[in-house]
2 protein chains.
Amino acid sequence: MTAYLLQQPVLLAVDCIVFGFDGKDLNILLIKRNFDPEQGRWSLMGGFLKKGESLPDAANRVLKTLTGLEGVYLEQSKVFCEPDRDPAERVISMSYFALIDINKYEHQVTEDYEAKWFLLDKKPRLVFDHDDMVRQALHQLRYKAALHPLLFELLPERFTIPQLQALYEAVYDTVFDNRNFTRKLISTGLLIKQTAKDKSGSKKGAYLYKLDKRKYKKQQGAFLNLIPRPDKLL
Amino acid sequence: MTAYLLQQPVLLAVDCIVFGFDGKDLNILLIKRNFDPEQGRWSLMGGFLKKGESLPDAANRVLKTLTGLEGVYLEQSKVFCEPDRDPAERVISMSYFALIDINKYEHQVTEDYEAKWFLLDKKPRLVFDHDDMVRQALHQLRYKAALHPLLFELLPERFTIPQLQALYEAVYDTVFDNRNFTRKLISTGLLIKQTAKDKSGSKKGAYLYKLDKRKYKKQQGAFLNLIPRPDKLL
DNA sequence: GCAAAAGTGTTAATAATACACCCATGC
DNA sequence: GCATGGGTGTATTATTAACACTTTTGC
């Protein structure tokens with residue numbers, strides 16, 4: 001089993017950026033690194049690729065082990081491969097980002113695991129090139145979400161249109177006209193209106209919607225146009 | 001230097017998909033694999049990551065070594081990580097695709113190196129998962145080129161609008177209305193009309209254009225809209 | 001009754017599409 | 001003179017953006 005002699009083996013890692021939405025701001029989940037180098041500093045959830053495991057498998061395992069998260073939306077981001085990115089050894093890392101409904105897991109990840117949520121723009125400095133990873137993942141999230149239905153992954157199963165708009169506004173750090181936003185959203189045909197209302201956000205209450213899962217699956221790759229002038233915002 | 005004990009080292013490779021345009025069809029550059037396993041079969045240009053080298057560095061080196069190509073457009077594609085993708089050892093490969101003006105290098109790569117151009121839809125079966133890599137890269141090319149200026153990389157420095165249209169039509173396997181295509185193209189402001197004409201394609205001759213390099217660099221990330229209904233074509 | 005958020009329509013501007021004929025040249 | 005590919009304009013339709021008031025309800 002040494003067909004490729006003289007080649008340099010390396011360590012391959014995965015690092016996961018977990019984004020969550022609290023109804024108002026984008027948040028990111030971090031853990032305190034409990035081994036050297038850089039023990040005690042804040043870090044993304046990471047781990048090494050194991051024998052017989054694919055990279056997405058590894059990312060899912062790492063997420064599950066460090067935060068208990070399972071079955072969440074996970075997308076491959078960029079590879080980080082600078083020779084000296086990890087001072088201890090040559091490690092190449094593939095980054096993944098996850099999108100979750102923050103409320104669904106808030107207590108679980110902070111109590112059962114040693115993870116902590118941070119407001120995205122108040123997060124601490126991270127180890128190695130993890131700040132870069134976050135920046136890149138955020139860029140990728142904005143890019144993809146401007147073109148495809150995706151941000152639904154950050155909301156609970158039933159959500160209101162004002163919640164969704166607040167989410168888009170948080171991701172793009174801007175404000176949209178609510179009439180145009182609603183119209184475009186409805187016209188996607190992706191939403192099913194519920195009879196119940198959510199009264200947590202106002203006295204009047206806003207209608208709850210849920211995703212038409214079948215159409216959503218079909219249209220994952222389809223184009224969306226909720227964002228006016230995406231080129232201005234990316 | 002063994003901070004991460006007990007981790008599985010792996011071999012990391014890069015594989016390069018080189019696309020070229022001959023004025024009529026998309027082509028792909030392949031080489032005959034000259035070592036085991038799978039010696040003698042057609043393959044992408046690949047090689048292993050070396051000490052102190054980043055992945056893009058490795059991709060450029062591999063391209064240069066195997067084909068003489070240097071300084072060409074090179075973009076990271078997907079990672080291929082199935083545990084058994086290479087029967088000999090655990091190898092994870094990052095694929096890159098390159099875009100080149102086929103005529104500029106045609107003789108060089110086929111005479112000085114043992115590479116050969118194939119029509120994309122008449123290429124032979126490739127080793128391992130390289131067919132997958134090609135498929136993925138083509139998809140990525142179509143996706144990106146539908147949104148951003150990119151296909152110019154496949155043409156000579158000076159080109160005609162009919163040439164560019166033929167290129168888009170080859171990439172998307174469809175036909176566009178030449179009046180609408182020309183109008184959209186001119187409106188990007190990316191082209192500078194030359195006084196000379198190219199008479200190779202017709203008796204009348206078509207005006208040559210070249211890219212406004214400054215605007216092009218600036219707009220690499222900007223959105224393009226040469227493709228009607230991109231969602232239908234991807 | 002009033003503050004606070006939800007919900008809803010119309011108009012104007014812009015962008016995209018469909019469509020067809022004349023032009024220049026080499027042979 | 002005719003065959004071949006190059007170049008150009010307009011009318012229609014579809015999409016997007018700008019814009020403000022009424023509704024509901026908890027307090």
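Just so it is clear: chains get the letters A, B, ... in the order the sequence lines come, proteins before strands, and each one is counted from 1.
- Nearest heavy-atom pair across B/Pro149 and B/Leu190 is CB-CD1, 4.0 Å.
- Note that B/Lys122 lies outside the cation-pi zone of B/Phe118, set by a 6.0 Å cut-off to the ring centre and a 45° limit from the axis.
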Nucleotide-resolved protein contact map, nucleotides 19-27 of chain C, B/S/- at heavy-atom distance under 4.0 Å: BB--BBBB-
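- For the residue pair A/Leu211 and A/Phe159, the shortest heavy atom distance occurs at N-CE2, 4.3 Å.
- Here the closest non-hydrogen pair linking A/Trp117 and A/Glu106 is NE1-CA, 4.2 Å.
- One interatomic measurement links the two molecules: CZ of A/Phe159 to P of C/dA6, which rounds to 15 Å at whole-angstrom precision.
- A/Arg229 has its CZ atom 10 Å from the P atom of C/dA15, to the nearest Å.
- Nearest-nucleotide positions on DNA chain C place A/Gly201 closer to the 5' end than the other of A/Gly201 and B/Pro228.
- For the pair A/Phe181 CZ and C/dA6 P, the computed distance is 13 Å after rounding to whole Å.
- Contact between B/Asp177 and B/Gln165 at its shortest, heavy atoms only, is C-NE2, 4.1 Å.
- Within the cation-pi definition used here (under 6.0 Å to the ring centroid, within 45° of the axis), A/Lys197 qualifies as a partner of A/Tyr207.
- Residue B/Leu185 contributes atom CG, which lies 16 Å from atom C1' of C/dA16 at whole-angstrom precision.
- Side chains of A/Thr160 and A/Asp198: a donor-acceptor N/O pair is absent below 3.5 angstrom, by distance only.
- Scanning DNA chain D 5' to 3' for nucleotides with an atom closer than 4.0 angstrom to a non-hydrogen atom of chain B gives a first and last hit of D/dA3 to D/dT10.
- Pairing each heavy atom of A/Phe21 with each of A/Leu26, the nearest pair is CD1-N, 4.3 Å.
- Rounded to 10°, the helix from C/dG1-D/dC27 to C/dC27-D/dG1 has 0° between the axis fitted to its first five pairs and the one fitted to its last five.
- Under 4.0 Å is where a charged nitrogen must lie from a carboxylate oxygen, and between B/Lys64 and B/Glu70 at least one such pair does.
- Atom CG in B/Asn225 sits roughly 16 Å away from atom P in C/dT14 (whole-Å rounding).
- Closest to the side chain of B/Lys184, out of C/dT17, C/dA6, C/dT8, is C/dT17.
- Under the 30°/60° scheme for interplanar angles, the aromatic rings of B/Phe223 and B/His148 are found to be tilted.
- One can place CD1 of B/Ile227 at 10 Å from P of C/dT17, the figure rounded to the nearest angstrom.
- Comment: B/Asp132 does not engage B/Lys78 in a salt bridge, judged by the lack of any side-chain N to carboxylate O separation of less than 4.0 angstrom.
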